[in-house]
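A quick write-up on the structure given underneath.
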Amino acid sequence: MFMKTHKTASSTILNILFRFGEKHHLKFAFPNGRNDFFYPSFFERSQVQHYQPGLCFNIICNHMRFHYEEVRKLLPPDTTFVTVLRDPAYLFESSFHYFGPVVPLTWKITGEDKLAEFLRDPRQYYDPNGFNAHYLQNLLFFDFGYDNAMDAGSPLVEEHIREIDRRFHLVMLLEYFDESLVLLKDLLCWQLEDVLYFKLNARKGSPMSRLTPQLYEQATAWNFIDAKLYRYFNATFWRKVEAYGRERMAKDVAELQRENEKMTSICIDGGHAVDASAIQESSMQPWQPLGEKTILGYNLKKKINKKHQKLCRKMLTPEIQYLTDLGANLWITKLWSYVRDFLKW
Ligand SMILES: Nc1ncnc2c1ncn2[C@@H]1O[C@H](COP(=O)(O)OS(=O)(=O)O)[C@@H](OP(=O)(O)O)[C@H]1O
């Protein structure tokens, strides 16, 4: 079970899981009609495509609002639960840019830098009951199924964090992505080749966050529940690295990075991600936020040796296209995509 949190490099991990599941003919529990489990509603097993009581599924990994009991009833008792977190200030920045257009609360924010204006006085703009408001505060806590607008000082916050700790075998961190994948590979007894990846779903210009130190502080304070969550799992993460062995980790990370670089030179035209307008094949176009084309994608090299052709394509295939290839029914997502194309949205 991969709890796909938002704006945490989860699409990159999804691609890894898709490839592994496909290679080993595993059965995915896909949503029915869309690429998420009717998020932001809570997950229900009846939302799974072809769900029948007693049917066995091996992997569930699409966005959902987590509902432990329902997930438990769907999957075998020995299921491994994993997820990924990100520093909440940067997650907020990413979410604000990506989802801002679908949160009406942001429409009335004026000025060039809407994010800075929002953080100057969030209470002036924020209403927890607003449509899609969860994208603007403690999105991680919301995704895990808890109340993201609760008092950050409530003892319930720590209780919920400990609950996540009891339920998840591994909580990865975007900031230590390669270390995270080495721990994942170790936990699942996988091979190095199973965790090779290209960074997917990156926003234009995102390697340089636009958060000044002051905005970073403000974003952290505004997402203080997620900050507590992140701090807690940062500590558990480094305990896991310690147990794995620091030297062994450094060696494995270096090897993963070497292999990723090799794959980059084999697969990617120009060796880096490009603007949506520069992507030649429509099947390589990533999903874009409403009204913008800010998410980067890739062009496959024209000449790839036979051995790597399929792997390169799979590693670069965006989520929606890969889901279709794996047999997921996406009629609602596709209808929405046609409407957007028609309206040039
Ligand atoms: N490997 C790796 N390392 C570091 N960062 C990475 C990686 N892969 C993806 N990303 C960044 O993750 C952001 C996208 O997250 P998601 O794929 O979870 O987004 S989504 O919720 O599925 O839309 C997005 O962040 P922003 O660019 O800040 O928006 C990506 O750049």
Side-chain angles (χ1 to χ4, degrees), residues 3-10 39-40 42 63-68 83-100 102-106 108-109 111 113-168 171-177 180 203 206 209-239:
M3 172 55 207
K4 189 180 190 299
T5 45
H6 284 90
K7 296 293 145 203
T8 52
S10 64
Y39 184 87
F42 278 101
H63 281 306
M64 65 166 72
R65 186 153 190 223
F66 192 55
H67 184 181
Y68 181 70
T83 188
V84 58
L85 307 182
R86 179 183 193 176
D87 181 322
Y90 297 120
L91 187 151
F92 171 81
E93 183 187 27
S94 176
S95 176
F96 192 93
H97 288 295
Y98 194 92
F99 297 113
V102 293
V103 186
L105 292 170
T106 67
K108 61 180 179 213
I109 306 175
D113 191 346
K114 283 189 169 212
L115 181 140
E117 173 55 22
F118 177 85
L119 286 176
R120 193 186 53 75
D121 184 10
R123 296 276 161 215
Q124 187 185 328
Y125 299 104
Y126 188 71
D127 169 2
N129 300 315
F131 181 70
N132 278 340
H134 59 278
Y135 288 121
L136 296 184
Q137 191 180 31
N138 298 313
L139 180 53
L140 289 170
F141 222 58
F142 182 87
D143 282 356
F144 281 104
Y146 303 114
D147 175 7
N148 59 320
M150 72 196 295
D151 174 10
S154 159
L156 267 183
V157 171
E158 273 75 27
E159 225 172 88
H160 293 333
I161 291 173
R162 280 196 297 274
E163 188 168 68
I164 298 174
D165 196 12
R166 282 197 300 278
R167 290 172 173 174
F168 283 82
V171 176
M172 297 177 272
L173 304 176
L174 171 144
E175 287 75 14
Y176 302 97
F177 198 70
S180 294
R203 192 164 34 101
S206 69
S209 156
R210 268 168 280 161
L211 292 186
T212 59
Q214 190 195 354
L215 285 175
Y216 178 87
E217 289 308 319
Q218 288 170 329
T220 305
W222 173 242
N223 293 279
F224 203 58
I225 299 180
D226 277 3
K228 284 186 166 182
L229 178 77
Y230 185 78
R231 219 172 285 160
Y232 181 96
F233 284 105
N234 198 304
T236 64
F237 183 84
W238 290 107
R239 282 204 288 277

Handout entry: Derivation of the side chain to side chain contact (heavy atoms under 4.5 Å, CB included) call for Leu229 and Ile164
Key = CA-CA 9 Å; Leu229 178 77; Ile164 298 174; 3.6 Å; yes
Exercise for the section: Of all the heavy-atom pairs spanning Leu105 and Gly130, show the shortest one and how long it is. Expected result: CD1-CA, 4.3 Å
Practice task
Determine whether Asp87 and Tyr230 make a side-chain contact, defined as any pair of heavy atoms from C-beta on separated by less than 4.5 Å.
Solution key: yes
Problem - Parallel, tilted or perpendicular: rings of Tyr39 and His6 (30°, 60°) - result: tilted
Problem - Cationic tip of Arg65 above Phe142 ring, under 6.0 Å, 45° of axis - result: yes
Practice task
Can you sort out the partners of Tyr146 under ring pair (Phe, Tyr, Trp, His ring centres under 6.0 Å), two or more places apart, ordered by chain and number?
Solution key: Phe141, His160
Handout entry: Minimal non-hydrogen separation, Ala133 against Asp127, with atom names
Key = CB-O, 3.3 Å
Exercise for the section: Would you verify whether the NZ or CZ of Lys7 falls within 45 degrees of the ring axis of Tyr98 while also being under 6.0 Å from that six-membered ring's centre? Expected result: yes
Practice task
Measure the acute angle between the ring planes of Phe118 and Phe96, then classify it against the limits of 30° and 60° as parallel, tilted or perpendicular.
Solution key: tilted
Problem - Closest heavy-atom pair and its distance - Val103, Leu136 - result: CG1-CD1, 3.7 Å
Problem - Short N-O contact, Glu117 and Arg120, less than 4.0 angstrom - result: yes
Handout entry: Sequence-distant partners of Tyr216, ring pair (Phe, Tyr, Trp, His ring centres under 6.0 Å), two or more places apart
Key = Tyr90
Problem - Rounded distance (nearest 0.5 Å) linking atom CZ of Arg86 with atom OG of Ser94 - result: 5.0 Å
Practice task
Heavy atoms only: give me the nearest Thr220-Ala89 pair and the separation to one decimal.
Solution key: OG1-CB, 3.6 Å
Practice task
Calculate, to the nearest 0.5 Å, the distance between atoms CG and CD belonging to Leu211 and Glu217 respectively.
Solution key: 10.5 Å
Practice task
Grab the two heavy atoms, one from Phe66 and one from Phe42, that are nearest each other, plus how far apart they are.
Solution key: O-CD2, 3.6 Å
Completion exercise
OG1 of Thr8 to CG of Leu139, rounded to nearest 0.5 Å, is 9.0 Å
Practice task
Please tell me if the side chains of Asn234 and Leu173 come closer than 4.5 Å, counting only heavy atoms from C-beta onward.
Solution key: yes
Problem - Beyond-backbone contact of Leu119 with Phe92, side-chain heavy atoms, under 4.5 angstrom - result: yes
Exercise for the section: Any chance you could measure Ile109, atom CD1, to Gln124, atom CD, to the nearest 0.5 Å? Expected result: 9.0 Å
Exercise for the section: Would you confirm whether Asp143, through its side chain, and Thr5, through its main-chain N or O, come within 3.5 Å as a donor-acceptor pair? Expected result: no
Problem - Spacing of CE belonging to Met3 relative to CG belonging to Leu85, to within rounding of 0.5 Å - result: 10.0 Å
Handout entry: Check: Phe237 ring centre within less than 6.0 Å of Phe233 ring centre
Key = no
Completion exercise
Here the pair of heavy atoms bringing His97 nearest to Leu115 is NE2-CD1, 4.2 Å
Exercise for the section: Please round to the nearest 0.5 Å and tell me the distance separating atom CH2 of Trp222 and atom CG of Leu215. Expected result: 14.5 Å
Exercise for the section: Output, in order, the C-alpha distance, side-chain angles, deciding distance and verdict of side chain to side chain contact (heavy atoms under 4.5 Å, CB included) for Ser10 and His63. Expected result: CA-CA 9 Å; Ser10 64; His63 281 306; 4.0 Å; yes
Problem - Side-chain donor/acceptor of Thr106 to backbone N/O of Gly100, under 3.5 Å - result: yes
Handout entry: Close side-chain approach of Asp165 to Ile161, heavy-atom, < 4.5 Å
Key = no
Problem - Side-chain donor/acceptor of Asp226 to backbone N/O of Leu140, under 3.5 Å - result: yes
Handout entry: For Lys228, salt bridge (charged side-chain N to carboxylate O under 4.0 Å, His left out) partners two or more places apart
Key = Glu158
